Amino acid sequence: MDNSETSRPSNFIKDIIDEDIRNNKNNGQVVTRFPPEPNGYLHIGHAKSICLNFGLAAEYKGRCHLRMDDTNPEKENVEYIESIIRDVKWLGFDWGEHLYYASNYFEQLYQWALLLIKKGLAYVCDMTPEEVAATRGTPTVPGKESPGRKRGVEENLDLFGRMRAGEFPDGSRSLRARIDMASPNMQMRDPVLYRIKRAEHHRTGNAWCIYPIYDFAHGQSDYIEGITHSICTLEFEVHRPLYDWFLDQIAEPGRVRPRQIEFARLSLGYTVMSKRRLLELVETGFVTGWDDPRMPTISGLRRRGYTPESIRDFAERIGVAKADNIVDAALLEHCLREHLNRRAHRVMAVLNPLKVVIENFPDGKTEELEAVNNPEDEAMGKRPLPFTRTLYIEQDDFREDPPSKFYRLSTGREVRLKFAYYIRCTDIVKDSSGTVIEVRCTYDPETRGGWSKDGRKVKGTIHWVSAEHALPAEVRLYDHLFTVSEPESSKNSAGYKTYLNRDSLKVLHGCRVERSLAGAAPGSRYQFERIGYFCADAEDSRPDRLVFNRTVSLKDSWAKIEKKA
RNA sequence: UGAGGUGUGGCCAAGCGGUAAGGCAACGGGUUUUGGUCCCGUGACCCCAGGUUCGAAUCCUGGCACCUCAGCCA
């Protein structure tokens with residue numbers, strides 16, 4: 001049984017829900033929702049919210065809706081809707097029949113607007129957006145009342161009807177709530193409910209030229225759907241009094257009344273998380289698209305090779321609280337390594353090949369050896385591995401002048417070729433510039449499989465491929481998008497773009513991978529022994545033209561030792 | 001000088017008056033045909049100052065710091 005996903009830690013939201021259940025509020029039901037605006041692709045921050053909302057619903061045997069918060073047609077489109085649906089599904093969540101759109105509620109919202117007008121709680125304002133802003137006041141200075149505030153019900157009804165009918169130009173009027181222009185909470189200073197906007201909506205087409213604002217749509221949508229716990233991020237905390245104010249006007253006794261609960265959004269080190277900034281990276285071409293493997297988007301992580309399980313585990317481990325936070329990117333990487341360690345097929349790949357000739361191995365001979373597919377799981381079996389006179393090893397695994405503690409190959413030294421033989425370096429060949437281009441070795445036939453009968457030990461074990469059998473491959477190495485952990489921090493006053501990591505992508509062309517990778521399916525994941533976890537790129541890899549993405553490297557304690565020295 | 005929030009080890013985060021969980025990172029050590037995995041070990045008096053109490057990270061008072069709000073975005 002996978003314990004990591006069944007025993008979840010507690011958090012303040014669960015405390016609230018537990019309390020509600022104790023009080024039999026909403027008959028003990030729990031209904032949540034994930035309400036993205038389809039104006040961009042989902043990112044790891046959304047994943048936190050998705051896991052939270054769907055997770056709570058599952059845990060409390062309730063349900064979770066997927067709702068497109070599509071009240072602003074200018075910024076939204078179907079491409080985004082489709083990507084959201086794909087990403088939430090990929091993460092492993094199921095909303096059943098409960099896919100909704102705020103735009104489905106436009107008529108109901110309009111009726112509620114009429115209700116507010118009739119109650120004298122909403123009015124048509126004739127000011128432009130600029131005028132509204134200019135009269136809103138400041139946190140310490142009360143705003144000025146709009147002239148429209150004094151209008152009678154009949155006139156407001158007439159004007160609002162004509163707004164809907166398209167009699168007024170965009171931005172010339174708005175419907176506003178009549179609350180309190182002197183409220184210390186800026187959100188309560190007669191907030192706009194409807195704006196005139198002649199934009200074709202991706203679902204309602206041209207049926208409307210007025211669209212409700214977030215505050216007038218969200219809580220009501222929750223109410224319509226019977227949401228019990230409406231979970232959102234901290235910046236909406238100051239909107240809660242308004243959320244409740246609208247419900248006060250429309251809620252009927254006996255019906256589920258949603259409660260808004262706010263938690264701290266996720267920030268991750270060495271990246272940015274706002275859709276605006278991610279969009280900017282896409283549009284300026286710094287990345288190849290929303291699914292660029294360097295992006296913190298769900299689609300980017302997927303293409304990079306992340307698994308849904310590892311992302312869910314991550315969401316679990318970071319917890320849910322109200323304190324602002326920036327999570328260490330190493331935690332995400334840890335979750336991925338932990339998941340893949342147990343299930344990734346091991347394979348040998350040489351990223352930077354160095355030719356090795358085994359002088360005492362017959363030319364033209366091929367010997368089939370046996371390799372373990374995953375030492376963590378015997379059931380994954382073994383595979384044959386061809387061994388020949390000419391091999392490739394990693395350039396990093398040979399040093400002409402080995403530093404102390406370096407126990408890989410060097411002149412006169414012996415190492416083990418994983419699953420093959422002990423080899424000893426006898427000589428090296430250099431080119432005119434003095435670079436080592438070939439290593440001459442002898443092998444010990446008595447060490448077949450990598451064991452020595454005489455009990456002799458070797459310090460190092462390195463990976464290799466047979467030159468004759470290896471397949472060429474392109475390998476893409478990714479690094480953080482930014483050079484600093486907090487590109488948006490006020491301390492980094494130069495602006496986040498200054499910290500873009502120009503070396504976040506490094507493409508290697510002459511890589512050599514073992515024969516068994518022939519025909520690797522796009523998207524398939526492997527561990528390249530001693531290097532890291534890789535996946536065949538879902539877009540660019542072909543069975544006969546392999547392209548691999550490095551998802552995450554293995555931990556490398558040698559690199560640490562070397563760095564210290 | 002308004003309102004709403006938040007402050008527990010490098011990063012997250014439990015704790016809900018009884019004497020500081022856990023994870024990641026870091027650093028030691030052991031095992032190892034991946035310098036991987038795995039195993040063992042190492043760190044906090046809880047923003048500050050008072051107060052209540054036999055006893056406070058948890059309660060009270062007063063400070064300080066940081067975040068959010070002045071879109072007809074969400």
Side-chain angles (χ1 to χ4, degrees), chain A residues 9-11 15 35-37 39 69 71-72 74-76 125 127-130 132-134 136-143 170-176 183-189 191-197 210-211 213-215 217-218 232-241 262 264 266 269 275-276 316-335 337-338 341-342 346 348 371-372 375-376 405-408 416-420 449-451 458-463 485 490 527-532 553-562:
Chain A
S10 191
N11 59 55
D15 293 344
E37 182 190 11
N39 68 341
D69 210 346
T71 57
N72 185 4
E74 281 176 342
K75 294 185 177 174
E76 301 152 4
C125 172
M127 296 194 290
T128 64
E130 295 70 34
V132 169
R136 177 141 13 238
T138 71
T140 51
V141 178
D170 288 11
S172 62
R173 291 166 201 261
S174 62
L175 184 72
R176 291 227 252 163
S183 172
N185 181 346
M186 299 294 287
Q187 307 307 319
M188 302 298 273
R189 319 245 266 225
V192 169
L193 272 35
Y194 271 90
R195 72 281 217 181
I196 304 173
K197 185 181 291 228
I210 58 173
Y211 291 96
I213 224 71
Y214 167 85
D215 288 297
H218 204 99
C232 62
T233 44
L234 247 30
E235 66 270 27
F236 293 102
E237 207 151 25
V238 289
H239 290 241
R240 187 166 5 108
E262 313 84 10
L266 165 69
K275 278 196 265 189
R276 195 189 127 254
E316 207 69 66
R317 294 191 195 218
I318 57 178
V320 179
K322 297 191 72 163
D324 291 332
N325 62 83
I326 301 177
V327 175
D328 194 335
L331 180 58
L332 215 207
E333 297 182 341
H334 168 83
C335 293
R337 288 193 190 103
E338 185 173 278
N341 177 49
R342 305 192 307 265
R346 267 61 166 175
M348 293 206 278
V372 173
E376 306 295 320
K405 289 185 185 160
F406 180 87
Y407 38 86
R408 276 114 95 147
R416 170 165 46 226
L417 291 181
K418 184 142 183 155
F419 302 129
W451 298 102
V458 286
K459 275 186 175 171
T461 299
I462 64 176
H463 61 280
S485 65
S490 52
Q527 183 197 96
F528 286 2
E529 294 260 12
R530 302 207 306 133
I531 305 175
S553 63
L554 250 30
K555 288 213 272 187
D556 187 352
S557 55
W558 166 242
K560 279 184 190 171
I561 294 169
E562 221 184 5

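All values reported here derive from a predicted model rather than from experimental measurement. These values consider heavy atoms only, across backbone and side chains, with no hydrogens, waters or symmetry-generated copies. Residue numbering restarts at 1 for every chain, and letters A, B, ... go by the order of the sequence lines.
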Filtered N/O pairs between nucleotides 15-18 of chain B and protein, under 3.5 Å:
{"unit_1": "B/rC16", "atom_1": "N4", "unit_2": "A/Asp15", "atom_2": "OD2", "d": "3.2"}

For this session: Report which part of the nucleic acid A/Arg176 touches: base, sugar-phosphate, or nothing (heavy-atom distance under 4.0 Å, all strands).
Result: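 Result for A/Arg176 = nothing.
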
Exercise. Which part of the nucleic acid does A/Met127 contact within heavy-atom distance under 4.0 Å: base, sugar-phosphate only, or nothing?
Worked result: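 Base, at least one base heavy atom under 4.0 Å.
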
Polar-atom pairs under 3.5 Å, protein N or O versus N or O of nucleotides 56-58 of chain B: list them with distances, or write none.
none

Seminar exercise, completed: The answer to which of A/Lys75 and A/Lys555 contacts RNA chain B further toward the 5' end, by nearest nucleotide, is A/Lys555

Exercise. If you find the nucleotide of RNA chain B closest to A/Val327 and the one closest to A/Pro139, which residue's nucleotide is nearer the 5' end?
Worked result: A/Pro139

Exercise. Starting at the 5' end of RNA chain B, what dot-bracket string do you get if Watson-Crick and G-U pairs under 3.5 Å are bracketed, crossing pairs use [ ], other-strand pairs use | and unpaired bases use dots?
Worked result: .(((((((.[[[..)..(...]]].(((((.......)))))....[[[[[..)....]]]]])))))).....

Filtered N/O pairs between nucleotides 3-9 of chain B and protein, under 3.5 Å:
{"unit_1": "B/rG5", "atom_1": "O2'", "unit_2": "A/Glu237", "atom_2": "OE1", "d": "3.2"}

Got a sec, which residues hit ring pair (Phe, Tyr, Trp, His ring centres under 6.0 Å) with [X], two or more places apart in sequence or on another chain?
X        : answer
A/Phe419 : none
A/His218 : A/Tyr214
A/His334 : none
A/Trp451 : none

Identify all pairs in which a protein N or O lies below 3.5 Å from an N or O of nucleotides 38-40 of chain B, and state each distance.
none

Exercise. Would you say the side chain of A/Arg346 and the base of B/rU34 hold a donor-acceptor pair, judged only by whether the two atoms sit under 3.5 Å apart?
Worked result: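 Side chain to base: pair found, below 3.5 Å.
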
Exercise. With sequence neighbours left out, what residues match A/Ser172 under side-chain hydrogen bond (donor to acceptor under 3.5 Å, both in side chains)?
Worked result: none

Seminar exercise, completed: Of B/rG23, B/rA74, B/rU34, the nucleotide closest to the side chain of A/Asp69 is B/rA74

Problem set entry | Stepwise side-chain contact (heavy atoms from CB on, under 4.5 Å) test for A/Tyr211 and A/Arg195 | CA-CA 6 Å; A/Tyr211 291 96; A/Arg195 72 281 217 181; 4.3 Å; yes

Exercise. What pairs with A/Pro241 under side-chain contact (heavy atoms from CB on, under 4.5 Å), at least two apart in sequence or on another chain?
Worked result: A/Asn185, A/Met188

For this session: With sequence neighbours left out, write down each residue that passes salt bridge (charged side-chain N to carboxylate O under 4.0 Å, His left out) with A/Glu76, or none if nothing qualifies.
Result: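 Here no residue qualifies.
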
